[in-house]
Amino acid sequence: MVDASQSAGSIPIDVVRDNIDIMALPGHKGLLGPQGTGILYVKEGIDLKEYSQGGTGSESESMLQPEYLPDKFESGTLNTPGVAGLCEGVRFIEKVGIEKISKHKKLLVEYLVEELKKLSYVIIYGGTSYENRTAVVSINVDGIDSSDVGCMLNEKGIAVRTGYHCAPLIHGIINTNYKGTVRISPGYFNTIEEVEKLITAIKEIY
């Protein structure tokens, strides 16, 4: 079972080659769709129990949940506008090409990490290698709480995420239990100039 939150839409994924049985893909990150959307891939032959039942629309005359996919997992009215938005995001990725998107994000991350490495007061988590890394860089600024860094960056027009990033257990391993991290996620529409603005802002904050 693969959590493809930070990889779907950013790097090529082949469920057959990579031997993936189940994969969850959020729509609002690399797939460029709206929040509240996503995709669940289930390999043929795997039997999962649905977590909710009723209101499928496809067998309204029955009191039982359909056994066939995708209806088995689609109780209630679907978020049709959200699905349409997600579809457009995927179409854009197919039009541009995931290799081009991946190359641009890698360029931004390489530049970001190289510039951050020059700042002795910045801690970079996850190493500084670019191999097997998506466009996510988690940092802390020495002596400043991650939420304060995020707030000050926000005041400068720079959006990052701070805290525990839905992964509280990892913070015990990287010793950030009581401060979390600042997560920087350069996207396809970001530029080198915007990364430079971020670096300058971190210097000013420190």
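Since we're looking at a predicted model, the values are computed, not measured.
The side chain to side chain donor-acceptor pair (under 3.5 Å) check on Gln6 picks up nothing, with sequence neighbours excluded. Partners of Leu32 under the side chain to side chain contact (heavy atoms under 4.5 Å, CB included) rule, at least two apart in sequence or in another chain, are Phe92, Ile93, Phe189. For Lys203, the side chain to side chain contact (heavy atoms under 4.5 Å, CB included) test picks out Leu119, Tyr121, Ile199, with sequence neighbours left out. Taking the salt bridge (charged side-chain N to carboxylate O under 4.0 Å, His left out) definition, one finds that Glu204 meets it with Lys156, sequence neighbours left out. Listed by chain and number, the residues in a side chain to side chain contact (heavy atoms under 4.5 Å, CB included) with Asn79 are Thr37, Pro81 (sequence neighbours excluded). Partners of Ser7 according to the side chain to side chain contact (heavy atoms under 4.5 Å, CB included) rule, which considers only residues two or more places apart in sequence or in another chain, are Ala4, Ile11, Ile13, Thr134.
When the side chains of ILVMFWY residues are joined at heavy-atom separations under 4.5 Å, either directly or via intervening members, Val109 and Ile158 end up in a single hydrophobic cluster. If you chain together hydrophobic residues whose side chains sit under 4.5 Å apart, Leu31 and Val83 never meet in one group. Residues Val149 and Val113 share a single hydrophobic cluster, defined by chaining ILVMFWY side chains whose heavy atoms lie under 4.5 Å apart.
Atom CD1 of Ile184 sits about 5.5 Å away from atom CG of Leu116, to the nearest 0.5 Å. Ile39 CD1 to Met23 CE: the interatomic distance, rounded to the nearest 0.5 Å, is 8.0 Å.
Side-chain atoms of Asp18 do not come within 3.5 Å of backbone N or O of Ile20 as any donor-acceptor pair. Glu194 places a side-chain N or O within donor-acceptor distance of the main-chain N or O of Thr191, the cut-off being under 3.5 Å. At distances below 3.5 Å, not a single donor-acceptor pair connects side-chain atoms of Thr162 with backbone N or O atoms of Gly150.
In this structure, Lys179 and Asn140 have side chains that are in contact, with non-hydrogen atoms separated by less than 4.5 Å.
Applying the ring pair (Phe, Tyr, Trp, His ring centres under 6.0 Å) rule to pairs touching residues 143-168 yields Tyr164-His171, sequence neighbours excluded. Among pairs with a residue in residues 37-90, none fulfils ring pair (Phe, Tyr, Trp, His ring centres under 6.0 Å), at least two apart in sequence or across chains. Counting only residues at least two apart or on different chains, the salt bridge (charged side-chain N to carboxylate O under 4.0 Å, His left out) pairs with a member in residues 74-97 are Glu88-Arg91. Sorted by first and then second residue, the pairs that involve residues 35-47 and meet salt bridge (charged side-chain N to carboxylate O under 4.0 Å, His left out), not counting sequence neighbours, are Asp21-Lys43, Asp47-Lys72.
Alongside Tyr178, the hydrophobic cluster contains no other residue (criterion: ILVMFWY side chains under 4.5 Å). Grouped with Leu64 in a hydrophobic cluster is no other residue, since no side-chain heavy-atom contact under 4.5 Å to another Ile, Leu, Val, Met, Phe, Trp or Tyr is found.
For the side chain to side chain contact (heavy atoms under 4.5 Å, CB included) with Val136, the qualifying choice from Arg183, Lys105, Lys29, Arg161 is Arg183, the only one to do so.
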Checklist line | Test side-chain contact (heavy atoms from CB on, under 4.5 Å) applied to Lys106 and Glu110, step by step | finding: CA-CA 6 Å; Lys106 185 177 180 182; Glu110 286 184 8; 3.0 Å; yes
